[in-house]
Amino acid sequence: QKEVEQNSGPLSVPEGAIASLNCTYSDRGSQSFFWYRQYSGKSPELIMSIYSNGDKEDGRFTAQLNKASQYVSLLIRDSQPSDSATYLCAVNRDAGGTSYGKLTFGQGTILTVHP
Amino acid sequence: EAGVVQSPRYKIIEKKQPVAFWCNPISGHNTLYWYLQNLGQGPELLIRYENEEAVDDSQLPKDRFSAERLKGVDSTLKIQPAELGDSAVYLCASSRTSGPYNEQFFGPGTRLTVL
């Protein structure tokens with residue numbers, strides 16, 4: 001089992017729809033969770049961070065965390081073609097020692113928003 | 001606030017040649033990370049510095065890779081000699097502190113091609 005797994009893509013949604021991106025993680029002791037957006041040929045850009053169970057909203061983005069189910073998701077409302085990118089889920093496992101603060105990334109989900 | 005700066009942006013070398021990458025973190029960020037990203041994968045941590053100390057280099061292939069962060073600011077990652085399998089994007093990131101709640105910000109990366 002991979003430490004961080006994202007739903008296989010690519011994911012295609014029409015403009016204006018809600019895009020739902022999912023991520024599961026294996027380490028129950030994980031403390032913090034991040035979503036990065038990566039455009040083709042560019043570096044990852046931090047768009048959301050979430051630390052507590054529940055929802056966190058920022059504009060059109062909502063991150064959802066359920067630590068009991070070891071599940072984190074990202075919802076993008078009113079999807080736009082400019083949202084087309086790879087979305088990376090990252091988990092801080094906080095395994096202690098030298099792994100303190102270490103981020104483990106999923107493989108990413110490619111999202112395409114078509115007009 | 002200026003972002004993470006990396007150079008060069010692209011590098012093409014012959015196998016067995018040496019190569020070096022440079023990174024300057026966001027001002028005031030004490031923690032610096034070097035990641036490697038292969039096509040279609042999430043970034044993987046190579047080494048993490050807190051100030052000038054390498055606190056996690058467990059994933060750094062020490063037979064050919066080396067890194068330094070003199071004076072706790074900018075950093076250099078070196079490969080000598082390069083192998084074909086080293087072709088990837090090398091990303092530098094920084095965060096204000098270490099720990100599970102730190103937010104990491106990435107530079108533009110260096111795309112390395114080994115021929």
Side-chain angles (χ1 to χ4, degrees), chain A residues 2-10 21 23-25 27-52 56 58 63 65 67 85-110, chain B residues 1 3-10 21 23 25-26 29-51 53-60 88-113:
Chain A
K2 293 183 179 179
E3 296 177 22
V4 180
E5 290 200 63
Q6 297 185 235
N7 53 324
S8 58
L21 303 159
C23 174
T24 58
Y25 58 95
D27 188 337
R28 191 169 287 277
S30 297
Q31 298 283 336
S32 53
F33 309 85
F34 305 88
W35 284 99
Y36 286 82
R37 176 176 62 198
Q38 187 170 26
Y39 292 115
S40 180
K42 303 295 185 182
S43 62
E45 173 193 9
L46 180 65
I47 55 172
M48 289 288 284
S49 57
I50 187 166
Y51 311 131
S52 306
K56 179 181 178 183
D58 184 0
L65 175 61
K67 289 187 177 181
T86 297
Y87 288 81
L88 295 162
C89 172
V91 175
N92 192 308
R93 298 173 61 231
D94 191 24
T98 59
S99 295
Y100 187 66
K102 176 181 177 179
L103 279 184
T104 301
F105 286 81
Q107 77 277 18
T109 299
I110 298 173
Chain B
E1 181 178 69
V4 177
V5 179
Q6 289 188 249
S7 68
R9 294 293 310 279
Y10 304 91
F21 314 122
C23 172
I26 294 171
H29 282 197
N30 297 322
T31 308
L32 183 148
Y33 313 77
W34 283 103
Y35 287 87
L36 176 154
Q37 186 175 26
N38 288 304
L39 189 64
Q41 301 295 317
E44 299 174 33
L45 181 69
L46 289 173
I47 188 168
R48 172 169 66 94
Y49 281 93
E50 290 184 18
N51 298 304
E53 181 182 0
V55 295
D56 184 0
D57 63 357
S58 57
Q59 302 303 311
L60 190 72
V89 176
Y90 291 82
L91 295 162
C92 179
S94 70
S95 62
R96 191 168 298 279
T97 63
S98 61
Y101 305 107
N102 70 86
E103 293 184 332
Q104 298 183 24
F105 299 92
F106 285 87
T110 297
R111 183 176 298 276
L112 174 67
T113 301

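From a predicted model like this one, the values you see are computed outputs, not experimental measurements. All chains are named by letter (A, B, ...) in the order of the sequence lines, taking the proteins before the strands, and each is independently numbered beginning at 1.
- At a 4.5 Å heavy-atom cutoff, Glu44(B) makes no contact with chain A through either its backbone or its side chain.
- Pairing each heavy atom of Lys67(A) with each of Arg28(A), the nearest pair is O-NH1, 4.0 Å.
- Looking at Tyr36(A), the atoms closer than 4.5 Å to chain B (heavy atoms on both sides) all sit in the side chain, from C-beta outward.
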Given the rule in the side-chain contact (heavy atoms from CB on, under 4.5 Å) test, do Gln104(B) and Leu46(A) qualify, once you have shown the distances and angles that lead to the verdict? CA-CA 8 Å; Gln104(B) 298 183 24; Leu46(A) 180 65; over 6 Å; no
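- Checked against ring-ring contact (aromatic ring centres under 6.0 Å, His included), Tyr90(B) has the following partners two or more places apart in sequence or in another chain: Phe21(B).
- Heavy atoms only, all atoms of each residue included: Ser58(B) and Asp56(B) are closest at OG-OD1, 2.8 Å.
- In this structure, Phe105(B) and His29(B) have tilted ring planes: the angle between them lies in the 30° to 60° band.
- In terms of heavy-atom pairs under 4.5 Å with chain A, the best-connected choice from Glu103(B), Gln41(B), Arg111(B) is Glu103(B).
- Using a 4.5 Å cut-off between heavy atoms, Glu45(A) makes no contact with chain B at all.
- Heavy-atom pairs under 4.5 Å with chain A were tallied for Pro108(B), Gly109(B), Pro43(B); the largest tally goes to Pro43(B).
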